[in-house]
> 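What follows is a structure written as structure tokens; I'll ask about it next.
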Amino acid sequence: QVQLVESGGGLVQAGGSLRLSCAASGRSFSSYAMAWFRQASGKEREFVARISTSGTNTDYSDAVKGRFTISRDNAKNTGNLQMSSLRPEDTAVYYCAASSLMAARNSGTYYERSSYNFWGQGTQVTVSS
């Protein structure tokens with residue numbers, strides 16, 4: 001089991017930056033794949049970025065590629081999402097997710113919500129124009 005708590009959300013102007021953090025508690029954090037998803041009001045939750053257990057491999061959605069950077073520090077049991085060049089369309093609740101499932105390590109399924117079995121409560125990010 002792992003518990004996840006996000007922080008770092010807030011209100012920022014378009015073009016600005018924010019850094020989200022995900023604090024994990026529980027056993028063997030380094031054995032869980034991690035990802036960030038987001039959910040805008042009235043829309044489905046969507047994949048943003050993922051990082052492998054060791055931090056070696058990362059993937060991003062086309063919407064954020066080149067602007068967001070996912071990272072993790074297994075020694076500190078934390079994950080981060082550095083967001084730059086923010087746009088109003090990035091406004092959403094951002095969720096940290098972790099997975100002990102093989103699906104999260106599969107190139108064909110790592111972007112699916114069902115591939116992650118642990119979720120944080122979310123943090124709101126609002127980008128004003």
Side-chain angles (χ1 to χ4, degrees):
Q1 290 277 355
V2 62
Q3 294 79 43
L4 305 172
V5 178
E6 302 96 334
S7 62
L11 174 64
V12 64
Q13 289 188 330
S17 299
L18 276 177
R19 183 178 177 86
L20 304 184
S21 294
C22 177
S25 60
R27 299 176 59 185
S28 304
F29 171 73
S30 60
S31 66
Y32 292 86
M34 282 194 61
W36 289 89
F37 285 72
R38 67 185 182 185
Q39 187 167 15
S41 181
K43 295 188 177 182
E44 296 290 317
R45 192 172 301 188
E46 64 176 7
F47 170 79
V48 174
R50 71 112 178 196
I51 187 166
S52 61
T53 54
S54 65
T56 302
N57 298 314
T58 59
D59 289 281
Y60 300 89
S61 69
D62 289 342
V64 308
K65 195 174 297 182
R67 300 187 298 122
F68 291 11
T69 302
I70 189 172
S71 62
R72 67 189 295 164
D73 186 336
N74 287 337
K76 296 182 179 179
N77 282 8
T78 58
N80 296 289
L81 185 68
Q82 178 67 46
M83 306 185 295
S84 303
S85 302
L86 284 161
R87 305 166 181 168
E89 54 264 40
D90 294 318
T91 295
V93 177
Y94 283 71
Y95 296 90
C96 174
S99 179
S100 59
L101 306 175
M102 285 303 299
R105 307 177 190 208
N106 189 306
S107 61
T109 54
Y110 67 78
Y111 47 83
E112 296 179 354
R113 288 180 57 183
S114 59
S115 297
Y116 298 84
N117 48 347
F118 299 100
W119 293 85
Q121 82 290 348
T123 185
Q124 176 71 46
V125 172
T126 303
V127 184
S128 63
S129 57

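Quick note: residue numbers are just sequence positions, from 1. Keep in mind that what you see is a predicted model, and the values were worked out from it rather than measured.
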> At what distance, to the nearest 0.5 angstrom, does CG of Leu18 lie from CG of Leu86?
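So the CG of Leu18 and the CG of Leu86 are separated by 6.0 Å.
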> How long is the span from the OG atom in Ser114 to the CG atom in Asn117, to the nearest 0.5 Å?
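Between atom OG of Ser114 and atom CG of Asn117 there are 10.5 Å.
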> State which residues pass side-chain contact (heavy atoms from CB on, under 4.5 Å) with Ser17; sequence neighbours excluded, sorted by chain then number.
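Partners of Ser17 under the side-chain contact (heavy atoms from CB on, under 4.5 Å) test: Gln82, Ser84.
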> Ring centres of Trp119 and Phe37 under 6.0 Å apart?
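Yes, close enough.
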> For residues Val125 and Gly9, report the shortest heavy-atom separation together with the two atoms involved.
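Scanning both residues, the minimum pair turns out to be CG2-CA, 4.1 Å.
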> Look at the side chain of Ser129 and the backbone N and O of Pro88, then say whether any donor-acceptor pair between them is shorter than 3.5 Å.
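Not at all, since once roles are kept as given, no pair shorter than 3.5 Å links the two residues.
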> Same cluster or not: Val64 versus Tyr95, using hydrophobic residues (I, L, V, M, F, W, Y) connected whenever any side-chain heavy atoms lie under 4.5 Å apart?
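No, because Val64 and Tyr95 fall into different hydrophobic clusters, even though each may have its own neighbours under 4.5 Å.
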> If hydrophobic clusters are built by linking Ile, Leu, Val, Met, Phe, Trp and Tyr wherever their side-chain heavy atoms come under 4.5 Å apart, do Tyr110 and Met34 end up in the same one?
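Hydrophobic grouping puts Tyr110 apart from Met34.
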> Kindly work out whether a path of hydrophobic side-chain contacts (I/L/V/M/F/W/Y, heavy atoms less than 4.5 Å apart) joins Trp36 to Phe29.
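Both belong to a single hydrophobic cluster.
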> Search all heavy atoms of Ser128 against all heavy atoms of Leu11 and return the closest pair with its distance.
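It is CB-CD1, 4.3 Å.
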> For the atom pair CZ (Arg72) and OG (Ser21), what is the distance rounded to the nearest 0.5 Å?
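Going from the CZ atom of Arg72 to the OG atom of Ser21 covers 13.5 Å.
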> Minimum heavy-atom separation for Leu101 to Tyr116, with atom names?
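Closest heavy-atom pair between Leu101 and Tyr116: CD1-N, 4.5 Å.
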> Look only at the side chain of Glu6 and the backbone of Gly122, and say whether a donor-acceptor pair between them is shorter than 3.5 Å.
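Between the backbone of Gly122 and the side chain of Glu6 there is a qualifying donor-acceptor contact (under 3.5 Å).
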> Tell me, with the steps shown, if Tyr32 and Phe118 meet side-chain contact (heavy atoms from CB on, under 4.5 Å).
CA-CA 10 Å; Tyr32 292 86; Phe118 299 100; 3.5 Å; yes
> Kindly determine whether Met83 and Leu20 satisfy side-chain contact (heavy atoms from CB on, under 4.5 Å), including the steps that lead there.
CA-CA 8 Å; Met83 306 185 295; Leu20 304 184; 3.7 Å; yes
> Can you find a pair of side-chain heavy atoms, one from Val48 and one from Leu81, that are under 4.5 Å apart?
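They are in contact (side-chain heavy atoms under 4.5 Å apart), so the answer is yes.
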> Heavy atoms only: give me the nearest Ser115-Thr109 pair and the separation to one decimal.
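The pair with the smallest heavy-atom distance is OG-O, 2.6 Å.
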> Kindly give the heavy-atom pair with the smallest separation between Ile70 and Thr58, and that separation in Å.
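Smallest heavy-atom distance, with atoms named: CG2-CG2, 3.7 Å.
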> Run the side-chain contact (heavy atoms from CB on, under 4.5 Å) test on Cys22 and Leu4 for me, step by step, so that the C-alpha distance in whole Å, both residues' side-chain angles and the decisive distance to 0.1 Å come before the verdict.
CA-CA 6 Å; Cys22 177; Leu4 305 172; 3.9 Å; yes
> Please list all pairs passing the salt bridge (charged side-chain N to carboxylate O under 4.0 Å, His left out) test where one or both residues lie in residues 53-69, with sequence neighbours left out.
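Non-adjacent pairs meeting salt bridge (charged side-chain N to carboxylate O under 4.0 Å, His left out): Arg50-Asp59, Asp62-Lys65, Arg67-Asp90.
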> Is there side-chain contact between Tyr94 and Gln124, with at least one heavy-atom pair below 4.5 Å?
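No; the side chains remain at least 4.5 Å from each other.
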> Under a 4.5 Å cut-off applied to non-hydrogen side-chain atoms, are Thr53 and Ser30 in contact?
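A side-chain contact under 4.5 Å is absent here.
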> Report yes or no: do Gln3 and Ser25 form a side-chain donor-acceptor pair below 3.5 Å?
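Result is yes, a qualifying pair exists.
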> Report whether Phe47 and Val93 are members of the same hydrophobic cluster (ILVMFWY, side-chain heavy atoms less than 4.5 Å apart, transitive linking).
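In one cluster: yes.
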> Which pairs, with at least one residue in residues 101-124 and sequence neighbours excluded, count as a salt bridge (charged side-chain N to carboxylate O under 4.0 Å, His left out)?
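Output for this query is empty, none listed.
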> Is there a donor in the side chain of Asp73 and an acceptor in the side chain of Thr78, or the other way round, less than 3.5 Å apart?
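Note: Asp73 and Thr78 side chains miss the donor-acceptor criterion.
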> Between Ala24 and Val2, which heavy-atom pair has the shortest distance, and what is it?
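Ala24 and Val2 have their closest heavy atoms at CB-CG2, 3.9 Å.
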